[in-house]
Amino acid sequence: MLERSLAVKSSSTKPIWKSLIADSITRLDQLAKNFEIDLHQLAPVVRNFPIRITPYYLSLIKQPHDPLWRQVIPDLAELTDTVTTKDPLCEEESSPVPGLIHRYPDRVVLLVSEQCAVHCRFCMRKRRVGIAAHEDLLGAGLEYIRQTPQIHEVILSGGDPLMLDDEPLARILNEIRQCNHVRVIRIHSRMPCTLPHRITDDFTKMLRDFSPVYLNIHFNHPDEITQQSAHACNQLADAGIPIGSQTVLLKGVNDDEETMHRLMEKLLHNRVRPYYLHQLDRVQGTGHFHVPVSTGLHIMDRLRGWLSGMAVPNYMVDLPGGGGKVPLTPQYIIRKEARCWHIKNFEGRMFSYPISSHNLP
Ligand SMILES: *Cc1c(COP(=O)(O)O)cnc(C)c1O
């Protein structure tokens, strides 16, 4: 079974997804052909934080400043952010070896690629994406995983792991599968959203061979769920690969209940289970996307109960300084008494709830 995956031949003709990456927009003058932008003003922004947009994702933008535009087109505000932390989660300090983050007892993040198909302007790893190459460091991370039996799950991230060809990706998955203590492999990718052509038959088959592999994808707006991306998700689901989705709460993109409701519903229809709604990490150059936590909690309040429970993600903050992720929920417990708590339901109606069975009459 593994031999078959490892033998995936890179065919002589370039797969479509690779041509689309080669045709991506990486310069302001290319962007200026499509939109009216101020080349002179934006040049320093792009020097700090490079652009990358697939022709596919570009085609989904309906007009300047719409929710998809905001995610990928550079903004002057990236340079005027008052926050100067590049690594607020102190990932570098939680790295026992370069390219691997070990924060929680039983799982690690392995950064397998520095590249992404699209550079999100709000990226949490803005400090590294698109800047350095990384392949040589992978050996140290894999060795750490081999030597650390407490690790039960390996999360491939980056960059985007799906920027790798099937063959090197299969080699990494195979290395991880050689460690008996690793049970689950999780891959974090935005490709089903930014370049769904990446989800080929060969790729899907390859993933299935390393089961259990979970795929966590990343959608921020209902307009990103096109026929093509829906097809990619359904193809993965047909192959038995469980798919979760992460969304980042972003100003001007999805910071209202109606958009979030449509997004979560549409994901669920495509057999994608919303997993986390992330509060934006305070990374330098992303301040203009910041949404107050109170707005996030309000949106959660309007999802829970109004939408299938399967479509309601957990709203997470990642504590600065490497404290890890914590869920925030709207306040449902309004008052606590010795015997009973007064709890609000999704419609705001109050109920008394006996808090332990011996309090029952
Ligand atoms: C988010 C994250 C994980 C995964 O956390 P889950 O709650 O299991 O999804 C693991 N390691 C690091 C460093 C993370 O930031």
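Counting starts at 1 for both ligands and their atoms, in listed order.
Glu224 and Asn220 share no donor-acceptor pair across their side chains, judged by distance under 3.5 Å alone. With no hydrogens or angles considered, no side-chain donor-acceptor pair links Asp201 and Thr204 at under 3.5 Å. Donor-acceptor pairing under 3.5 Å is lacking for the side chains of Asp160 and Gln115. For the residue pair His218 / Asn216, no side-chain donor-acceptor distance below 3.5 Å is found, with atom types taken as modelled. In summary, the side chains of Tyr276 and Ser245 do not present any donor paired with an acceptor at a separation below 3.5 Å, with no hydrogens or angles considered.
Every atom of ligand 1 with a heavy atom of Arg103 under 4.0 Å away is listed here by number and element: 13 (C), 15 (O).
When hydrogens are left out, the protein atom nearest atom 12 (C) of ligand 1 is Val109 CG2, 3.6 Å; that is the closest non-hydrogen contact. Of all protein heavy atoms, the one closest to atom 9 (O) of ligand 1 is Tyr275 OH, 2.6 Å. Given atom 7 (O) of ligand 1, the protein heavy atom at minimum distance is Tyr276 OH, 2.6 Å.
Contacts of Arg186 with ligand 1, taken as heavy-atom pairs under 4.0 Å, involve the side chain alone. Within the 4.0 Å heavy-atom criterion, the part of Ile155 lying near ligand 1 is the side chain and not the backbone. With a 4.0 Å heavy-atom cut-off, ligand 1 is reached by the side chain of Arg107 but not by its N, CA, C or O. For Lys325, every heavy-atom contact with ligand 1 shorter than 4.0 Å involves the side chain, none the backbone.
Between Leu89, Asp318, Ile101, it is Ile101 that holds the heavy atom closest to atom 13 (C) of ligand 1.
Atom CD of Glu143 has more than 12 neighbouring heavy atoms from other residues, nucleotides or ligands inside a 6.0 Å radius.
Val248 and Leu277 are not part of a single hydrophobic cluster, where members link through side-chain heavy atoms under 4.5 Å apart.
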